[in-house]
Every structure is written in C-alpha cells, then in structure tokens.
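Both backbone and side-chain heavy atoms feed into the values below; hydrogens, waters and symmetry mates do not. All values reported here derive from a predicted model rather than from experimental measurement. As the structure lists them, so they are numbered: ligands from 1, and atoms in each ligand from 1.
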Amino acid sequence: MLLAITSAISRSLERCELTHLEREPIDVGRARAQHRDYEEALSRLGVAVLRLPESPEQPDAVFVEDVAVVLPELALLTRPGAPSRQPEVERMALALAPYRPLARINAPGTLDGGDVLVIGRRIFVGLSSRTNAAGVEQLAAFTAPHAYRVEAVAVTGCLHLKSAVTALAEGAVLLNPLWIDSAIFRGWEVTEVDPSEPAAANALAVGGKVLFPTAYPGTRGRLAARGFDLVPIDASELAKAEGALTCCSVIFEAAG
Ligand code: CIR
C-alpha cells in the first residue's frame, strides 16, 4: 500500500520562508481547499493519506517533503537549511517511526528533502541555499550500505533541485534547462518546460499518473503530447509560499 504523509496547512502560512519570490497575500482558506483537492487526487489513485495535524507556529509545516527522505530501507530525517523549519522534523520522526528505521542528518549538515531526487538506486542531491556538502556526505554515508549512488548536482536560480527537475516515469524526467544542467540526464527521455513557465518542472508521478499544476498549460501540452496521463491540480495559493506539488507529501510503500 502506498502511503502519503501530508500536513494540515498552518494558519501562520503567510509568515513562510521565501527565497526567490516576493511576499504577497495568501488566502489560507483557499490554500486549504486546494490542498484537500490534492489529497483527494492522491486518494483516488489508491494512495492512503495520513494527514498530520496543524502546527500553528510552523508556517511551512505543510511542505513535509523537506523534512524526510523515505527509502525502502530507512527513513532519513533531514536538518532543513532554514533554521525556522528545523523544529518541523520532530513530528515527522514520530509519524515515520512505525514504518522505517530512522536516521538523521546532524549539524553542520543541512539538507532539504526538496533537494533529493531518488530514481532507482541513484540519488541526485541539489547543492542549493538549503543543502550543503556536509548534508550530502551524510546522506551518502547512510545510503551507501544499501547500494545507492549519491550524486551532488548544482542548482541555480531556484529553491530546490526538485524545482528544476522531477521524475515522470522510469527513465523520464521533466526539467528546466536554465536551472539544472540537462546533460546530467543525457540518454533519458527529457521533457523541457515551456520557456515561458520556468517553475513548471515540479510534477508528482504516482500510480502511473502525473499530478501537474493547472498554472502551466504550455508545459502540460508538452507532457500530454508525449502520452503522460495527467491529473490537473490547482496549487496556486501554496505556489505563493514557494511550494509545489512534490513538497506537500512524503509518499512511500507501507506494509499492510
Ligand atoms: C520554504 O521556503 O522552505 C517554503 N516556503 C517552501 C518549501 C517548498 N518545498 C519544496 O519545494 N520541497
């Protein structure tokens, strides 16, 4: 059974971290409605959804992806690069403990789950403003015994690696070539975002389908033309908090 851990949106969302965006008003009620639609889309795909309760004092708590990387062999709790986000890790530790042995990134390492793209036994990690070399080294040390290969990747112009590239299917990625060196994926089926939609590279592939934001029709057309089975998701309010689709869940195979 696939399980998605999500989190209720905090009432303090408007105080979220922002790196590349100007702050603008966020309608928390609308964000919550859109987030419920996202959870329902996952449910319709047969994914069980475990929603953590609201953490009112943690503005970015909805972006659960950043605090954990779950592999079949272990769950790695991160140490987010933004200090305001580090307290978010503890409730994820409690949520994941029944499912996996836990490991932790420790100081001076920092790592955001949004910088970690796992494709088979390869783990691409973005060196971003949130993830440092010590964090990458610790990730590599935890995963090497399980035969994963960790590859650090430079990310420029965006928040996380997965703002620049995500997996669509086996051997297929969606990327923005201005934010990541597309040569890394030479030989793969690469779909580039429509140049007028730089933030469109974050898609969530699950259950043979691809959840994709309604905000990017140009890129959606490119994906549809290649035969990807798309599920449109309106995530416009959380986009104002610099969040995208993968950020809002931690999805893994749970026994049972
Ligand atoms: C932050 O800056 O940390 C949040 N406002 C947005 C995090 C988005 N997470 C992600 O892309 N994995």
Side-chain angles (χ1 to χ4, degrees), residues 4-28 31-32 34-35 38 52 54-70 76-89 91-92 105 110-118 123-132 135-136 139 153 155-167 174-176 179-180 193 198-206 211-213 215-216 233 235-252:
I5 298 184
T6 65
S7 167
I9 292 178
S10 163
R11 66 198 66 184
S12 58
L13 176 65
E14 276 200 302
R15 289 192 271 117
C16 66
E17 295 284 339
L18 287 177
T19 307
H20 296 277
L21 296 183
E22 295 295 322
R23 200 166 293 279
E24 56 178 309
I26 300 178
D27 180 335
V28 174
R32 285 183 172 147
Q34 292 177 350
H35 186 252
Y38 169 88
L52 304 181
E54 183 191 354
S55 285
E57 295 308 317
Q58 297 176 354
D60 282 305
V62 64
F63 302 121
V64 288
E65 169 182 69
D66 291 319
V67 298
V69 176
V70 181
L76 179 64
L77 300 164
T78 70
R79 183 166 177 268
S84 73
R85 300 203 54 193
Q86 290 172 0
E88 293 173 28
V89 175
R91 67 190 188 134
M92 186 57 87
I105 300 290
T110 63
L111 185 101
D112 276 17
D115 278 317
V116 180
L117 176 63
V118 182
I123 305 181
F124 300 93
V125 190
L127 285 168
S128 69
S129 60
R130 300 288 176 84
T131 295
N132 64 18
V136 179
L139 171 67
V153 172
V155 178
T156 45
C158 59
L159 182 59
H160 287 128
L161 176 67
K162 279 190 276 191
S163 321
V165 57
T166 50
L174 171 65
L175 61 78
N176 176 343
W179 290 348
I180 187 165
V193 298
N202 187 278
L204 176 56
V206 59
L211 274 60
F212 191 72
Y216 307 119
I233 300 285
S236 55
E237 286 305 309
L238 286 179
K240 297 175 188 169
E242 223 164 333
L245 295 187
T246 63
C247 324
C248 294
S249 54
V250 173
I251 300 179
F252 58 93

Out of Val67, Leu238, Leu18, Asp60, the nearest non-hydrogen contact to atom 4 (C) of ligand 1 is supplied by Asp60

Under the side-chain contact (heavy atoms from CB on, under 4.5 Å) rule, collect the residues that match up with Glu14, sequence neighbours excluded.
Pro25, Ile26

Have Asn202 and Thr166 got a donor and an acceptor in their side chains that come within less than 3.5 Å?
no

Donor-acceptor pair, distance only, cut-off 3.5 Å: does the side chain of Thr131 make one with the backbone of Asp112?
yes

So how far is it from Phe63 CZ to Leu13 CG, rounded to the nearest 0.5 Å?
6.0 Å

Examine the side chains of Ser84 and Arg15 and answer whether a donor and an acceptor come within less than 3.5 Å of each other.
no

Is it the side chain, the backbone, both or neither of Lys162 that has a heavy atom closer than 4.0 Å to ligand 1?
neither

Of all the non-hydrogen atoms in the protein, which one sits nearest to atom 9 (N) of ligand 1, and at what distance?
Asp66 OD2, 2.8 Å

Given Glu17, Arg130, Glu242, identify the one with the heavy atom nearest to atom 3 (O) of ligand 1.
Arg130

So is Ser163 polar-close to ligand 1, meaning N/O to N/O under 3.5 Å?
no

Tell me whether ligand 1 is touched by Thr19 - counting only heavy atoms on the residue side and a distance under 4.0 Å.
no

Do Thr6 and Tyr38 have a side chain donor and acceptor closer than 3.5 Å?
no

For Glu65, the ligand 1 atoms with a heavy-atom partner under 4.0 Å come out as 10 (C), 12 (N)

Using ring pair (Phe, Tyr, Trp, His ring centres under 6.0 Å) as the criterion, list what pairs up with Phe212, not counting sequence neighbours.
none

Closest candidate by heavy atom, reference atom 11 (O) of ligand 1, pool Cys247, Cys248, Ser128:
Cys247

Can you name the atoms of ligand 1, numbered from 1 with element, that are less than 4.0 Å from a heavy atom of Gly114?
12 (N)

Any heavy atom of Ala241 closer to ligand 1 than 4.0 angstrom?
yes

For His160, counting its heavy atoms only, list the atoms of ligand 1 lying under 4.0 Å from any of them.
9 (N), 10 (C), 11 (O), 12 (N)

Salt-bridge test for Arg130 and Asp115: reply yes if a basic N is under 4.0 Å from a carboxylate O, no otherwise.
no

